[in-house]
Each structure stands twice: as structure tokens, then as C-alpha cells.
Number of protein chains: 2
Amino acid sequence: MAVVTAPLAKDMFDPLCPSDLNPIRVGDKWAGMIVRCLELGPARFSQLRVPLTGITAKVLTKSLRALERDGLIRRAAGEYSLTPLGRSLLGPLDAACAWTREHWDELLDAREGLYPH
Amino acid sequence: MAVVTAPLAKDMFDPLCPSDLNPIRVGDKWAGMIVRCLELGPARFSQLRVPLTGITAKVLTKSLRALERDGLIRRAAGEYSLTPLGRSLLGPLDAACAWTREHWDELLDAREGLYPH
DNA sequence: AGGTCCGGTTTCCAAACGGATACCGGATAT
DNA sequence: ATATCCGGTATCCGTTTGGAAACCGGACCT
């Protein structure tokens with residue numbers, strides 16, 4: 001999950017941002033990003049596919065159903081939106097993002113073996 | 001990951017605590033619990049296996065290697081301990097646990113279809 | 001009637017994950 | 001010398017995950 005940049009920043013989903021470095025994840029691979037995409041307001045299926053570059057319809061459907069089942073998002077009139085519960089997740093999510101942003105260099109160094117080794 | 005109870009509480013790893021309800025996860029299935037186990041001090045391989053009921057040696061090894069590779073834990077003299085980086089993760093981890101603890105009922109209700117449905 | 005878009009579902013497939021089990025090398029105890 | 005424990009590793013296997021691609025029903029346009 002891309003957590004390094006501010007919400008909905010242009011490069012939030014930049015493939016060059018190896019977000020799987022982030023040890024903190026929300027739900028499945030895409031759930032965190034989906035919640036983030038809905039932060040500013042409801043969105044439709046095809047709208048979500050734009051920022052979530054590379055996601056297939058099947059996987060998006062599955063992630064959405066899981067989020068819906070858990071009461072984090074809601075579907076109404078063809079639009080997905082955060083429930084209050086989902087919205088309340090934004091706080092911890094931001095905390096997680098802040099942590100990763102803050103320790104990005106260390107994570108990178110560790111992966112490259114520059115750390116203790 | 002078991003997040004409902006306080007760190008190292010007796011039932012932290014109670015199988016009856018369906019911790020996969022928690023949408024926030026750290027690393028792989030066991031990583032969060034491992035970090036939590038090391039919170040109070042270093043531990044050896046076999047010590048870790050006690051609270052992590054059911055984990056096999058192979059999986060524990062793999063999780064430990066991943067945490068080590070990412071610079072979150074360190075291995076020295078047969079003991080695993082948190083690095084400063086790993087320790088810094090405890091904050092967001094606690095935040096995530098607090099969130100889940102706080103919204104446990106809602107999560108449960110959603111899963112049972114008692115929510116909007 | 002035919003074409004297009006939207007919001008999916010279905011099928012197929014490869015890779016990753018996690019568990020069970022057996023094995024193994026070094027240290028220590030007997 | 002043998003047995004045991006510790007800290008793993010190797011092998012096998014079933015399940016899950018996620019991607020590619022094809023298909024599909026309803027709405028809408030023309």
C-alpha cells in the first residue's frame with residue numbers, strides 16, 4: 001500500500017513507490033488504497049479503477065465486497081462510500097502512513113543490506 | 001493478529017479471539033505477534049514458539065527472517081530482539097490495536113450481517 | 001436492431017502462503 | 001559412544017491470492 005505520500009497525491013500509486021516495503025497493511029492488498037480513494041467522497045466502480053492502476057475488475061470486486069462485509073464501506077445507488085466505521089479507520093491508517101514515511105530510509109537501507117548486515 | 005487485549009495478556013493469542021477480523025496487519029500473519037512478544041525483551045526461538053501457539057518452526061523462521069531483513073528485529077547470540085526501528089513500530093501498532101478494540105462490536109456486527117445489510 | 005458502456009462474473013492459471021512431517025548439524029548431558 | 005535438545009532446513013502438499021482474459025446482462029444511444 002502506498003503510504004509515503006499525502007492522501008491522493010499524484011504519485012500515491014506510483015509503481016516506483018515500492019509500497020510493499022510498508023509492513024503495516026489494511027485488509028488485503030488493495031483495501032488501504034480503496035479506503036483512501038473514498039476519503040474525499042463517494043466513487044463509482046470505474047472511478048476507483050483509475051487511481052488503482054493495474055487492478056482487475058475481479059480483484060476490485062472482491063476487495064470491495066470484503067470491505068462492505070466488514071462494514072467499512074457501503075454501496076448505494078452504484079456508488080461506494082465510507083461508513084462512519086470506515087472513516088474512523090483513517091486515523092490509524094494515517095498513523096501507519098506517517099510511520100512509514102518517517103522510517104522510509106531505514107526500511108530501504110535494511111532491504112539493501114546496508115543495515116547491520 | 002490478536003489486538004483486542006493488552007500486550008502479552010494471557011489471552012493475547014487465544015484462538016477464540018478471531019483476530020483476523022482486525023483489518024490492520026503488520027507484515028505477514030505472525031509478524032505483529034512476534035514484535036509484540038519481543039516488546040518486553042529479547043527471546044529465543046523456542047521461547048517465541050510458546051505464546052505463538054500452533055506456529056511451525058518453518059513459518060516462524062520465515063517470519064523472523066523477513067523481520068530481520070526489514071531491520072525490525074535483530075539476531076544476536078541466539079536471541080531475537082527489537083531494533084530501534086522495530087521498537088518504533090510499537091506506537092502505530094498500539095494505535096491499530098486500540099482502533100480494533102474500540103470498534104470490535106461494530107466489526108462483529110458487520111460480519112454477522114446485523115449492520116446495514 | 002445493433003453498438004457501446006458500465007458493472008460486474010466466470011474461468012483459467014501461476015505464484016505465494018502456511019501447515020505437516022522428516023531430517024540434520026552442533027552443543028551438551030550421561 | 002550415545003542420546004537428547006536446540007535451532008533450524010528440506011520436502012511435500014493443499015489452500016488462498018491475484019492477475020489475464022473472456023463473457024454477460026441491463027441501460028442507453030442511434
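Numbered from 1 within each chain, the chains take letters A, B, ... in sequence-line order.
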Are any of the side-chain heavy atoms of [X] and [Y] separated by less than 4.5 Å?
X	Y	answer
B:Cys97	B:Thr100	no
A:Arg111	B:Asp70	yes
A:Trp104	A:Arg101	no

Strictly under 3.5 Å: I want the nitrogen or oxygen pairs between protein and nucleotides 3-10 of chain C, one per line.
unit_1: C:dG7; atom_1: OP1; unit_2: A:Arg44; atom_2: NE; d: 2.8
unit_1: C:dG7; atom_1: OP1; unit_2: A:Arg44; atom_2: NH2; d: 2.6
unit_1: C:dG7; atom_1: OP2; unit_2: A:Ser46; atom_2: N; d: 3.3
unit_1: C:dG7; atom_1: OP2; unit_2: A:Ser46; atom_2: OG; d: 2.6
unit_1: C:dG8; atom_1: OP1; unit_2: A:Arg65; atom_2: NH2; d: 3.3
unit_1: C:dG8; atom_1: OP1; unit_2: A:Arg75; atom_2: NH1; d: 3.0
unit_1: C:dG8; atom_1: OP2; unit_2: A:Tyr80; atom_2: OH; d: 2.8

- Task: Sequence neighbours left out, what passes salt bridge (Lys or Arg N to Asp or Glu O under 4.0 Å) with A:Arg65? Give chain and number order.
- Result: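 Only A:Glu68 meet the salt bridge (Lys or Arg N to Asp or Glu O under 4.0 Å) criterion with A:Arg65.
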- Item | Pairwise salt bridge (charged side-chain N to carboxylate O under 4.0 Å, His left out) hits with a residue in residues 43-64 of chain A, at least two apart |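 Not a single pair qualifies under salt bridge (charged side-chain N to carboxylate O under 4.0 Å, His left out).
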Starting at [atom1] of [X] and ending at [atom2] of [N], how long is that distance when rounded to a whole Å?
X	N	atom1	atom2	result
A:Lys62	D:dG19	NZ	P	10 Å
B:Asp28	C:dG19	CG	P	10 Å
A:Leu52	D:dG18	CG	P	13 Å
B:Arg25	C:dC17	CZ	P	12 Å
A:Ile55	D:dA20	CD1	P	11 Å

- Query: Shortest non-hydrogen contact from B:Leu82 to B:Arg74?
  - Reply: O-NH2, 3.5 Å
